[in-house]
2 protein chains.
Amino acid sequence: MREAGKRTRGRGTTARPGRPRQAEVARLAGVSQTTVSLVLGKKTGGAAISEETRQKVVGAAESLGYVPDPAARRLAAARNNLLGVFSFTATFPTDVQHSYYPFLVGVEQEAAAQGYDLVLFTGSSPGGTGGGTHALHRARLADGCLILGRHAPTAELCRLVAEGFPVVHLGRRDEPEGPAWVGADYVSASRGVVERLVALGHRRIVLVREDDEAPASTDREQGVREGLEEAGLPVGPEAVFRSADPARELTSDRVREWVADGVTAFVAEETDTSAAWRALNAALAEAGLNCPGDVSLALLGSPPPDAADGPTPAGFDIPRAQLGAAAVRLLAALVAGEQASEPLVACTFRPGDTLAPPRRTSPQPPDPLPGPRVPGRGRNRNTRTEQGEPTQ
Amino acid sequence: MREAGKRTRGRGTTARPGRPRQAEVARLAGVSQTTVSLVLGKKTGGAAISEETRQKVVGAAESLGYVPDPAARRLAAARNNLLGVFSFTATFPTDVQHSYYPFLVGVEQEAAAQGYDLVLFTGSSPGGTGGGTHALHRARLADGCLILGRHAPTAELCRLVAEGFPVVHLGRRDEPEGPAWVGADYVSASRGVVERLVALGHRRIVLVREDDEAPASTDREQGVREGLEEAGLPVGPEAVFRSADPARELTSDRVREWVADGVTAFVAEETDTSAAWRALNAALAEAGLNCPGDVSLALLGSPPPDAADGPTPAGFDIPRAQLGAAAVRLLAALVAGEQASEPLVACTFRPGDTLAPPRRTSPQPPDPLPGPRVPGRGRNRNTRTEQGEPTQ
DNA sequence: GCGCATCACTAATGCGCATTAGCCGAGAGA
DNA sequence: TCTCTCGGCTAATGCGCATTAGTGATGCGC
């Protein structure tokens, strides 16, 4: 069933039914196939090749237009330089908004850099034809596999992991026996935002967050708390406003009250809906407070795409491409049998247009901070927030 | 140099260093490797397998999570249900504007439907590490390969084709010995736009185009000409305004002149820069003509993304996702050894807000057309423009 | 002038799979 | 009873390459 019917391998003849093999090159150069492999593979691995022979081989290969067969190459090398990418929604959904595209930018780049090609496993969304329940098992075709999104069947996934197959999940996971993962360092990033505010002179800062328990939310709150603590500011319940329905509960009255009470800066968490952020902005507008004149604002994440107009909120961006790249690096390390290291990727500080020193207090940079600094709680060396320069 | 030092293949032990092979499955099922291959390959090729044995094998394979090695499959002259995707720019560039994303939407869907997974060959952009000049030959790992964009090295490409490797290029190509391709049917789509205008009562229509010889341009002009001809309207040089620098040469005076002369509709070609379209709009605005009140306008393509405001121009959209899907279908057919069929994909008519019956002539729908209709030149059955309903 | 270490190269092997040629036992035909 | 299929399976082979043992020559020291 090879090529155009029949069995083509009529060896012995000079016939060249397909593309040339190393054997043909060898014959033409008057050497052995091994020599050809050695010369073209560049690896002198123990053996030495005379310049003369090398030239003969290279010449023969060129004149025949020899190109190695990737399948054979990979088979012989016992690895195929393929990384699987599994998303349990379409990898390229019609709705670009919810796609993994930004991650894939980094995934592709890093994979290329590491010498891997990518296998996109299709049809893993509901109703996929092949595989059925065991869709994930196709991943074994690759040397390792990347999981995007939280929709992978956990049982299957853990099984792959248990069997020693290298798997990296893009996004934090909490299972003890689950796959390796990489995620954004929300804690450090959030702390960094608070540090900025403090450096500008703010002493009363309120975090507005929604009412869920996702790690993404919890981490941000923790970061804010660490930032406050580090500056010796109070971390009591008054520092966090938590609401299941910010649009209703975060009123202009509430905001006025805060401001009257000495609050000079607000920090809102970012979520799918950006409910907290929207509510905060609405309430401020209604209260007649403007930003950054009256109060400073920061958003712990990227602004929603529909809010492209208006000032850019200060805060941080999730470096999606870098996350993708980090995931690939980690996966490549696992494939190579090395140990995984830091799974957190630093976010990028976004200066924005919503920060200013507080109104009434004269900006006393970092000196007269009330309360003691907490020394041991310094930022984590490896994952510290990459803060852009203020002038940037 | 295999795995973590030493030779790992300490066969005989129960050790399972990598993913399971057919041999392991065979051992577990108590049959030979051949039987496993036979059962899992579904090909009863001469041999018959009892249902009992089949069950044992399938069970063993499943419990081990066996997945065939794609490289080995390819080497053994079989299929591996992998389609390669090659883009000679980054497949996921940072600049989303110029990406192949819309095509990939369709590629992914159709690949899933046909039971193929996709291999993204990375690093084919300039400076790619692996492969070097012969980067394209990595494609041989897959059953066939899709080429996006015009940057593939033609020589390599033609070589693959000559060797009988299934290749489909997304976008029209004109080499005689080049790869198969799929493209948008600009001719039919452009003709369809003219037909609309004619149906609305327009009798003097001018095409504004830039001065290049790309097939995309030529095809559109041809479509317009066919549309005019079909309606029995003159197809002389006065029907086409061609300019290397529309911004300068397409003046408001020129436009006024046309209108005074009885022209009631303009059609502009779409290009990277949309120069023709922009110039036309500018000239009309300067001439104080409004659309669709005074004249009707159509754009032979999708509006530039920076012109999101303003009325939606009538015209057609290139169905990128469908093109991707069509490319995959064609490729799958080639892989299966079938013959290729129609490479053209119909564009979608976009009604827009820029069409209206001509001002002074009473709208005489399709009846009193001057001149004879040209019968044989009817639209191409298979590729006719999928025109949206006007009410849509 | 005999061991011994290069040097320059080759024969042999196996990667994981598909395929081909058989092998063995049981029933059918003679 | 002896061959003759034929069903059900397996041993053997090869895909094109990389890798590992060699194998002759040659040079070198003593």
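Below, read A as the first sequence line, B as the second, and so on, with proteins coming before strands; counting in each chain starts at 1.
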Short heteroatom pairs, N/O only, protein and nucleotides 11-13 of chain C, under 3.5 Å:
unit_1: C:dA11; atom_1: N7; unit_2: A:T34; atom_2: OG1; d: 3.3
unit_1: C:dA11; atom_1: N6; unit_2: A:T34; atom_2: OG1; d: 2.9
unit_1: C:dA12; atom_1: N6; unit_2: A:T34; atom_2: OG1; d: 3.2

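Proximity of a side-chain donor or acceptor of B:D143 to a complementary backbone N or O of B:N81 within less than 3.5 Å is detected. No donor-acceptor pair closer than 3.5 Å links the side chain of A:R74 to the backbone N or O of A:A72. Not one N or O on the side chain of B:S87 forms a donor-acceptor pair closer than 3.5 Å with the backbone of B:G149.
Not one side-chain nitrogen or oxygen of B:R73 sits closer than 4.0 Å to the OP1 or OP2 atom of C:dC17. The side chain of B:S50 contributes no N or O atom lying less than 4.0 Å from OP1 or OP2 of D:dG8. OP1 and OP2 of C:dA8 both lie 4.0 Å or more from every side-chain N or O belonging to A:T53.
B:V31 comes within 4.0 angstrom of sugar-phosphate atoms only, judged by non-hydrogen atoms across all strands, and of no base. Across all strands shown, B:S37 has heavy atoms under 4.0 Å from base atoms, whether or not it also approaches the sugar-phosphate.
Salt-bridge check for B:K56 with B:E52: failed, with every basic side-chain N at 4.0 Å or more from each acidic carboxylate O.
A distance of 5.0 Å separates CD1 of B:I147 from CG of B:L136, quoted to the nearest 0.5 Å.
From one end of the helix from C:dG1-D:dC30 to C:dA30-D:dT1 to the other, with five pairs defining each end axis, the axis direction shifts by 70° (rounded to 10°).
The side chain of B:Q22 lies closest to C:dA18 when the candidates are C:dA8, C:dA18, C:dT19. For A:L38, counting side-chain heavy atoms from C-beta on, the closest listed nucleotide (D:dC17, D:dT19, C:dG16) is D:dT19.
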Check against side chain to side chain contact (heavy atoms under 4.5 Å, CB included), B:F86 and B:R138: CA-CA 10 Å; B:F86 251 103; B:R138 277 186 294 167; 4.2 Å; yes
